[in-house]
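Right, one structure below, let's go through it.
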Amino acid sequence: MKRVMLTVAYDGTNYHGWQIQPNVVTVESVLNETLSALLQEEIKVIGASRTDTGVHALGNIAVFDTQARMPAEKISYALNQRLPQDICIQASKEVSQNFHPRRHNSKKTYAYKIWNSAFPMPIYRLYSHFTYVPLDVDAMQRAANYLVGEHDFKSFCSVATTAETTVRTLYEIAVERAGEMITIRVVGSGFLYNMVRIIAGTLIEVGKGSLVPERIEEILKACDRAVAGPTAPACGLSLVQYEFLDI
């Protein structure tokens, strides 16, 4: 028996998120079905991040146990021949039996993209949030700076969260414009349910001038979801990278 780690990229448009749910297609369900057929045994993957419906990933992580003799590094090639075009394994390798992607210390990077122009751009409609209201990127960055460090992010998570604690550490938030595309890049130790999308929605309100940057500090201290901005649409969000710190 060996444990294999997959780096999984996917376009989340046609999936009801990562996690298996009844009567809908998810990324996890497709991986389980495809791996089971490939390796001729029942496979159930464990995902690092349970991305929501419509959220994309350049490098989510999943592990599974198998008795197959196929070398771990070859599984990615064989699997990609069977997967749909909107899911592609970027790497596969053997890891220790005690490795669990949600229990090891890691740095996770998310990117939220905003197409900020007078008109939508059709080719970006599935991978960015469109707003025609001009956004002040400098003000958004000043607001984002208040979120860096260890804080209670209760104001920035869904009220439906089941997390034991809402304290998280953000290492970096960068807000950058390239032409008409704005990218909010967030690096942290972990994220709460809808946390990045609520941060993005709140920073957009700052960019519009509806909130002053200094208001972010008060929103953090309030620990009240009602005082933060709206949850930005899922299509703009991508899980970019996982970096494990203790393997």
Side-chain angles (χ1 to χ4, degrees), residues 10-18 49-58 60 108-148 151 153-161 163 166 168 170 172-188 190-213 215-216 218-220 222 224-241:
Y10 49 88
D11 177 338
T13 303
N14 294 322
Y15 297 96
H16 288 261
W18 171 274
S49 180
R50 299 167 179 170
T51 54
D52 294 336
T53 298
V55 174
H56 316 293
L58 283 68
N60 203 350
K108 308 168 186 69
T109 301
Y110 281 88
Y112 195 89
K113 292 189 174 293
I114 305 158
W115 182 253
N116 189 210
S117 180
F119 301 103
M121 180 59 70
I123 63 171
Y124 297 140
R125 74 191 190 283
L126 301 178
Y127 312 107
S128 65
H129 168 51
F130 166 69
T131 180
Y132 64 86
V133 179
L135 299 180
D136 183 339
V137 170
D138 290 337
M140 293 169 70
Q141 182 64 68
R142 293 199 304 275
N145 292 339
Y146 287 100
L147 298 172
V148 176
H151 303 285
F153 283 94
K154 189 172 183 179
S155 293
F156 292 91
C157 75
S158 168
V159 293
T161 185
T166 49
R168 294 292 186 273
L170 297 188
E172 176 188 351
I173 305 183
V175 185
E176 299 175 340
R177 178 188 285 275
E180 294 166 300
M181 186 70 80
I182 296 171
T183 301
I184 302 171
R185 187 178 179 90
V186 186
V187 183
F191 295 90
L192 299 158
Y193 185 39
N194 283 347
M195 179 173 162
V196 179
R197 290 169 59 192
I198 296 169
I199 287 174
T202 306
L203 293 182
I204 289 170
E205 292 300 297
V206 173
K208 291 178 178 178
S210 300
L211 292 173
V212 296
R215 175 72 175 140
I216 300 300
E218 298 174 17
I219 293 172
L220 272 173
D224 182 356
R225 171 66 188 94
V227 303
T231 304
C235 60
L237 183 61
S238 295
L239 171 58
V240 176
Q241 182 181 22

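Distance OG1/Thr13 to CG/Leu126: 4.5 Å, rounded to 0.5 Å. Between the NZ atom of Lys208 and the OG1 atom of Thr131 there is a distance of 4.5 Å, given to the nearest 0.5 Å. Taken from CG in Asp136 to CG in Asp138, the straight-line distance is 5.5 Å, to the nearest 0.5 Å. Taking CD1 of Ile216 as the reference point, atom NE2 of His151 lies at 11.0 Å (rounded to 0.5 Å). The OG atom of Ser117 sits 10.0 Å away from atom CE of Met181, with the distance rounded to the nearest 0.5 Å. Taken to the nearest 0.5 Å, the CG atom of Leu211 stands 10.0 Å off from the CD atom of Glu218.
When all heavy atoms are compared, the tightest approach of Lys108 to Gly190 is NZ-CA, 3.8 Å. Contact record, Asn60 with Ser49: ND2-O, 2.8 Å, taken as the closest heavy-atom pair. Scanning all heavy atoms of the two residues, the minimum distance from Trp115 to Ser128 falls at CB-OG, 3.7 Å. Taking both residues in full, the closest heavy atoms of Val133 and Asn116 are given as O-ND2, 2.8 Å, listed atom of the first, atom of the second, then distance. Closest approach of Ile173 and Gln141 over heavy atoms only: O-NE2, 3.0 Å.
With Arg125 contributing its side chain and Pro122 its backbone, the two residues share a donor-acceptor pair below 3.5 Å. Between the Ser210 side chain and the Val206 main chain, no donor and acceptor come within less than 3.5 Å of each other. Not a single donor-acceptor pair under 3.5 Å links the side chain of Glu180 to the backbone N or O of Ile114. Judged by distance alone, the side chain of Ser155 and the main-chain N or O of Ile219 form a donor-acceptor pair under 3.5 Å. Put simply, the side chain of Thr161 gets close to the backbone of Ala163: a donor and an acceptor are under 3.5 Å apart.
Taking the centre of each ring, His56 and Tyr127 come in below the 6.0 Å mark.
Counting heavy atoms from C-beta on, the side chains of Glu172 and Val148 never come closer than 4.5 Å. Annotation: side chain of Leu147 is in contact with side chain of Ile199 (closest heavy-atom distance under 4.5 Å). Leu170 is listed as a side-chain neighbour of Val186, based on a closest heavy-atom distance under 4.5 Å. For the pair Arg215/Val227, a side-chain contact is recorded, criterion being any heavy-atom separation below 4.5 Å from C-beta on. Met140 has its side chain within reach of Ile184: a pair of non-hydrogen atoms, C-beta onward, lies under 4.5 Å apart. Two residues are said to be in side-chain contact when any heavy atoms from C-beta on lie closer than 4.5 Å; Tyr110 and Phe191 meet this criterion. A 4.5 Å side-chain heavy-atom check between Cys157 and Tyr193 finds every atom pair outside the cut-off. In this structure the side chain of Tyr124 never reaches within 4.5 angstrom of the side chain of Phe130, judged on heavy atoms.
Within a 6.0 Å sphere centred on NZ of Lys154, other residues, nucleotides and ligands contribute 12 heavy atoms or fewer.
Considering His129, Lys113, Arg197 as possible partners of Leu237, the one that fulfils the side-chain contact (heavy atoms from CB on, under 4.5 Å) test is Arg197.
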### Message
Before you tell me yes or no, could you show the steps for Tyr15 and Thr51 under side chain to side chain contact (heavy atoms under 4.5 Å, CB included), namely the whole-Å CA-CA distance, both residues' side-chain angles and the distance that decides it to 0.1 Å?
### Response
CA-CA 10 Å; Tyr15 297 96; Thr51 54; over 6 Å; no
### Residues Arg225, Ile198; criterion side chain to side chain contact (heavy atoms under 4.5 Å, CB included); working and verdict
CA-CA 9 Å; Arg225 171 66 188 94; Ile198 296 169; 3.2 Å; yes
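Remark: the Tyr112 side chain and the Ser238 side chain contain no N/O donor-acceptor pair separated by less than 3.5 Å.
Ring geometry for Phe153 against Phe156 counts as perpendicular: the plane angle is over 60°, on a 0 to 90° scale with 30° as the lower cut.
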